[in-house]
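What follows is a single structure, written as structure tokens, with notes after it.
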Amino acid sequence: MAKSELATLAQEIRVNIVNCISSLGVGHIGGCLSIADVLAVLYGKHMNVDPKNPKMEGRDRLVCSKGHAGPAVYSVLAEMGYFDKSELATLNQSGTNLPSHCDMNKTLGVDMTAGSLGQGLSCAVGIAIGSKLAKDNATIYCIVGDGESQEGQIWEAAMYAGSHGIDNLIAFTDYNKLQLDGYVKDINDLASLSAKWRAFNWEVFDVIDGNDVEQIDQAITQAKAVIGKPKMVILNTIKGKGVSFVEAAKVGSHSMSVNAEQRAQALAEIRGEI
Amino acid sequence: MIQDVLMRDVFVDFLREQMQKNDKVMVLDADLAKCAGTIALEKEFPDRALNVGIAEANMAGIAAGLSSYGYIPFITSFAPFATRRIADQIMISICYAKQNVKIIGTDPGIAAELNGGTHMPFEDIGMLRSIPNIVIYEPTDAVELKKALPQIIEHKGPVYVRMHRKNPAVVHSEDCEFNLFKADVLREGKDVTIVASGIMVETALKAAEELKAENIDVEVVCSPTIKPIDAETIIKSAKKTGAVVTCENHNVMGGLRSAVCEVLAENAPTPVRSVGVKEKFGEVGKVPYLRKAFNLEVVDVVKAVKEVITLK
Ligand SMILES: Cc1ncc(C[n+]2csc(CCOP(=O)(O)OP(=O)(O)O)c2C)c(N)n1
Ligand SMILES: [Mg+2]
């Protein structure tokens, strides 16, 4: 996909996120919108996956360790054709295949369950080791929250992957500077995040605008070329990106209600109509 | 009206009052202070209300260290992260080390609603119950919680409070006497005993009312403290009625049913049937759907009562 197509895909993912969450009326909209662009670049360009054959052997895999961004993942999966877009409206409804947190046993295209923060990166390390043993050349991607990075297990996974040079692993930090109770820097600062990952023997890419598809694409392309080390792409993102009232809510955007009127405004903004 | 009081507000008001008069009382959060309501205390007591971020194991360890220094830390998170996410820290740093840490886990069982399977603990009581000396308490309503909290802070040692944030139906009268270590006979009867905890107490009372119409006289025992269980009250009631049904918003394995069966098997063997979650993980949904999905409705209690009576 060309740059303009990736931007369009990111837009459609945002539309789906808003529709999905507003159909229920409430959800983790901030942390979903902040990763729309990386999802677009991954699925639109880099990931070797086949929506018609979701269990394809040797496929690339994504672990969304910040599992509460399930609606964002479902939004890209629907866009790619893993399931019908109309299913997005079933988010969190009784008996749904689309629960608030990613569930590999419920949703086609989801390869790892998450929701208890801090666990996904270890799972991604395991998948990456599995792929190496199988010699199937898959690349394993993992998205970690910045608040989530306060969990010790993230650094256990980091140390092991770095120490063993697991180089088919590309992780992202959604560095939107916000967590549930406030600003990450006020609660438990991740200061010198790049230096921390470097110290764990990861190759680090700082993406200045983590909501810019071109910058993300460049970083992933470079990351893929690095041999002998796991890769961390730090995405400086905006929580709620693309919808003004969600961005403005700052910490309030973590879990937020979206009514019909707000939904109309959000969709118009995303599509660039206002 | 106490009906409208959120349990979380009862808890936060109590903590505020304690923190004002006792500078040893502390509260620790792990990025769910907004949900627990304790975020207000971070402004009022910046030195003694700490938000450690999304790092529950660290929170538990810090609390144990503070306790060893004479502080009384309350730690809060959603129930799954306040228990199974930090099981070994609770076991070793808190319980084995005999530290005075109070663990507040919110949104137990189906109360986790739209957060779904990862956040819906049906195993928390079971996991903690085999740890020596920990007290496990699931408040029934705001009235009871208000009376329990002073006893919890007085009690020297770890206590797990499996707390609803919202306001489950109030089943206690405001002037009731409450002892943390005693079960409460809420309704006397002679045909069958229901031992219930948490949101299932109200369900049991409704079932008892329905069964009355069919001439079945049900005794309802509210047992909010699951460890140590009030064996005396349960044995006495079981001996009187000769049949027992347990009701809990938890897996039937390891929770209230297990505690009751252990007591009865060794002291007063009695037929038992149970209402609770049976070998299932949680899922997303609202409470009415989840009650149906996990068989936690009045009809399930009625059915269990009728079944157990045939075994007398
Ligand atoms: C172990 C664990 N603790 C707490 C939570 C509750 N929780 C869900 S999202 C969240 C904040 C996440 O912040 P961050 O990782 O920065 O995510 P984002 O800003 O991208 O939404 C918290 C505390 C959880 N899901 N798991
Ligand atoms: Mg964040």
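This is a predicted model, so every value here is computed, not measured. We use all heavy atoms of the structure for the numbers below, so side chains are in, but hydrogens, waters and symmetry mates are not.
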| field | More than 12 heavy atoms from other groups under 6.0 Å of OH on Tyr289(B) | value | yes
| Just wondering, are more than 12 heavy atoms of other shown residues or ligands nearer than 6.0 Å to NZ in Lys303(B)? | no
| Does Met104(A) CE have over 12 foreign heavy atoms under 6.0 Å away? | yes
| message | What's the separation between atom CG in Asn58(B) and atom CD in Gln150(A), rounded to the nearest 0.5 Å? | response | 10.0 Å
| task | Could you tell me whether Lys24(B) atom NZ has more than 12 heavy atoms of other residues or ligands within 6.0 Å of it? | result | yes
| request: Not counting sequence neighbours, which residues clear side-chain contact (heavy atoms from CB on, under 4.5 Å) with Phe245(A)? List them please. | output: Val243(A), Met256(A), Gln262(A), Gln265(A), Ala266(A)
| Looking only at heavy atoms, which of residues 75-112 of chain B get nearer than 4.5 Å to chain A? | Phe81(B), Arg85(B)
| query | So among Leu32(B), Ile39(B), Asn51(B), Ile54(B), which one has a side-chain contact (heavy atoms from CB on, under 4.5 Å) with Leu180(A)? | reply | Leu32(B)
| message | Please check if the number of heavy atoms outside Lys278(B) that lie under 6.0 Å from its NZ is greater than 12. | response | yes
| said: Under a 4.5 Å cutoff for heavy-atom pairs, which residue among Val26(A), Ile187(A), Thr113(A), Asn188(A) has the most contacts with chain B? | reply: Ile187(A)
| request: Give, as side chain, backbone, both or neither, the part of Ala57(B) having an atom under 4.5 angstrom from any heavy atom of chain A. | output: neither
| said: Report which part of Asn115(B) has an atom under 4.5 Å of a heavy atom belonging to chain A: side chain, backbone, both, or neither. | reply: both
| How about residues 117-127 of chain A versus chain B: which residues have heavy atoms under 4.5 Å apart? | Leu117(A), Gly118(A), Gln119(A)
| query | Quick one: does Glu56(B)'s side chain get under 4.5 Å of Glu151(A)'s, heavy atoms only? | reply | yes
| said: If I measure from the heavy atoms of chain B, does Gln93(A) come under 4.5 Å with its side chain, its backbone, both, or neither? | reply: backbone
| said: At a 4.5 Å cut-off on heavy atoms, which part of Leu114(B) comes close to chain A: side chain, backbone, both, or neither? | reply: both
| query | So which heavy atom on Gly116(B) is nearest to which on Ser100(A), and how close? | reply | N-OG, 4.4 Å
| Proximity of residues 62-80 of chain A to chain B, residues having a non-hydrogen atom under 4.5 angstrom | none
| said: Please check if the number of heavy atoms outside Lys250(A) that lie under 6.0 Å from its NZ is greater than 12. | reply: no
| field | Top contributor to chain B contacts, counting heavy-atom pairs under 4.5 Å, from Asp103(A), Leu24(A), Val251(A), Asn92(A) | value | Asn92(A)
| note | Under 4.5 Å to a heavy atom of chain B? For Thr96(A) that would be side chain
